[in-house]
**Student:** 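Structure incoming, see below.
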Amino acid sequence: MDISPKPLDKSFYNQGTLQLAQSLLGQLLLKETDDGIASGFIVETEAYIGPDDRAAHSFNNRRTKRTEVMFGEPGNAYTYTMHTHCLFNVVSGNVNRPEAVLIRGIEPHQGQDLMGKRRPKAKKKIQWTNGPGKLAKALGITMDDYGHPLDKHPLWIAQGKILKDDEILSGPRIGIDNSGEAKDYPWRFWIKGNNFISR
DNA sequence: CATCGGATGGACT
DNA sequence: GTCCATCCGATGG
């Protein structure tokens with residue numbers, strides 16, 4: 001019997017990136033490996049809207065092996081390495097619109113024993129998934145997931161909690177101080193009062 | 001080729 | 001607060 005939550009339809013990703021960044025809040029992100037399923041509710045996101053966003057890897061339509069997937073269909077995984085870590089994004093925007101939503105925080109749901117094992121250095125549960133590199137590690141997301149369609153096993157997004165508008169807050173994005181005007185754009189979104197916000 | 005700088009996290013002072 | 005692991009892409013010679 002398959003009890004895994006059903007993926008959201010691909011059409012879900014066909015909405016503006018700022019709106020998608022908010023729509024993703026509360027949704028369930030799942031990854032299945034040989035060790036089992038681990039999942040969590042998305043609680044913090046950031047929108048990156050190339051080519052006009054200095055903070056986006058796709059700024060100025062910069063097209064490389066790394067950013068290539070952003071130029072394709074929305075609803076695929078954009079993973080990249082930041083120093084020693086893998087970060088996970090949801091590709092948005094139509095073909096040739098290189099936009100994405102970075103997932104910065106999740107609230108652990110299924111497979112919490114597995115997540116704890118994957119985060120041996122975390123002293124507290126809160127540190128398992130309150131940051132983009134942390135949650136990728138906890139879920140077992142790696143560069144092997146680059147380009148994976150998010151409506152399919154083994155990495156997918158399913159319907160989670162329905163939020164009210166007043167539960168969503170926004171503010172400037174994290175870690176992009178050298179991005180000129182773009183550093184102040186309020187393109188970071190999070191669920192009010194949630195414990196698994198990165199900061 | 002060399003060098004530099006990150007959409008980070010963890011260890012340490 | 002500081003330092004650094006370790007990789008990819010940008011830039012300059």
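Remember, predicted model here, so these are calculated numbers, not experimental data. Chain identifiers are assigned alphabetically (A, B, ...) following the order of the sequence lines, protein sequences preceding nucleic acid strands; residue numbering begins at 1 within each chain.
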**Student:** Let me confirm one number: the CG-CD distance from A:Leu20 to A:Gln27, rounded to the nearest 0.5 Å.
**Tutor:** 9.5 Å
**Student:** Mind checking whether A:Tyr78 and A:Tyr146 have parallel, tilted or perpendicular rings, split at 30° and 60°?
**Tutor:** perpendicular
**Student:** If you check the A:Pro132 side chain, which of B:dG6, B:dA7, B:dG9 turns out closest?
**Tutor:** B:dG9
**Student:** Return the nearest nucleotide to the side chain of A:Asn178; candidates are B:dG6, C:dC8, B:dT8.
**Tutor:** B:dG6
**Student:** Rounded to whole Å, please give me the gap between CG in A:Asn60 and P in C:dA10.
**Tutor:** 11 Å
**Student:** A:His83 has an atom NE2; how far is it from atom P of B:dG9, in whole Å?
**Tutor:** 11 Å
**Student:** To the nearest Å, give me how far apart CD (A:Gln127) and C1' (B:dG10) are.
**Tutor:** 10 Å
**Student:** Round to a whole Å and report the spacing from CZ of A:Arg199 to P of B:dA7.
**Tutor:** 12 Å
**Student:** Scan A:Arg119 against the nucleic acid and name what it touches under 4.0 Å (heavy atoms): base, sugar-phosphate only, or nothing.
**Tutor:** sugar-phosphate
**Student:** Choose from C:dC7, C:dA10, B:dT8 the nucleotide whose nearest atom is closest to any side-chain atom of A:Thr64.
**Tutor:** C:dA10
**Student:** Measure the distance from OH on A:Tyr80 to P on B:dG6 and round it to the nearest whole Å.
**Tutor:** 12 Å
**Student:** Could you please spell out the steps behind the ring-ring contact (aromatic ring centres under 6.0 Å, His included) verdict for A:Tyr48 and A:His57?
**Tutor:** CA-CA 8 Å; A:Tyr48 286 86; A:His57 295 152; 7.3 Å; no
**Student:** Would you call the rings of A:Tyr185 and A:Trp187 parallel, tilted or perpendicular if under 30° counts as parallel and over 60° as perpendicular?
**Tutor:** tilted
**Student:** Who does B:dA11 pair with, Watson-Crick or G-U, both distances under 3.5 Å?
**Tutor:** C:dT2
**Student:** Mind checking who C:dG13 pairs with, Watson-Crick or G-U wobble, both distances under 3.5 Å?
**Tutor:** none
**Student:** Going by distance alone, is a donor N or O of one side chain under 3.5 Å from an acceptor N or O of the other, for A:Glu32 and A:Ser4?
**Tutor:** no
**Student:** Closest to the A:His57 side chain: C:dC7, C:dA5, B:dA7?
**Tutor:** B:dA7
**Student:** Between C:dT6, C:dA10, C:dC8, which nucleotide gets closest to the side-chain atoms of A:Thr81?
**Tutor:** C:dC8
**Student:** Whole angstroms only, please: what is the NE2-P distance between A:His85 and C:dC8?
**Tutor:** 15 Å
**Student:** Rounding to the closest angstrom, what is the interatomic distance between B:dA7 and C:dG1 at atom C1'?
**Tutor:** 22 Å
**Student:** Of all the choices, C:dA5, B:dA7, B:dG10, which nucleotide is nearest to the side chain of A:Lys134 once you look at every atom?
**Tutor:** B:dG10
**Student:** Between C:dG9, B:dT8, B:dG10, which one does the side chain of A:Arg66 approach most closely?
**Tutor:** C:dG9
**Student:** Out of B:dT8, C:dC7, B:dG10, which nucleotide sits closest to the side chain of A:Lys121?
**Tutor:** B:dG10
**Student:** Within the structure, does a side-chain N or O atom of A:Arg62 lie under 4.0 Å from either OP1 or OP2 of C:dG9?
**Tutor:** no
**Student:** Just the rounded figure in Å: distance from C1' of C:dG9 to CE of A:Met143.
**Tutor:** 13 Å
**Student:** Quick one: A:Met82 CE to C:dC4 C1', roughly how many Å, whole number?
**Tutor:** 13 Å
**Student:** Against A:Asp53, only a single residue in A:Lys183, A:Arg173, A:Arg62 fulfils salt bridge (Lys or Arg N to Asp or Glu O under 4.0 Å); can you say which?
**Tutor:** A:Arg173
**Student:** Hey, which of these two, A:Lys123 or A:Leu102, hits DNA chain B nearer its 5' end, going by closest nucleotide?
**Tutor:** A:Leu102
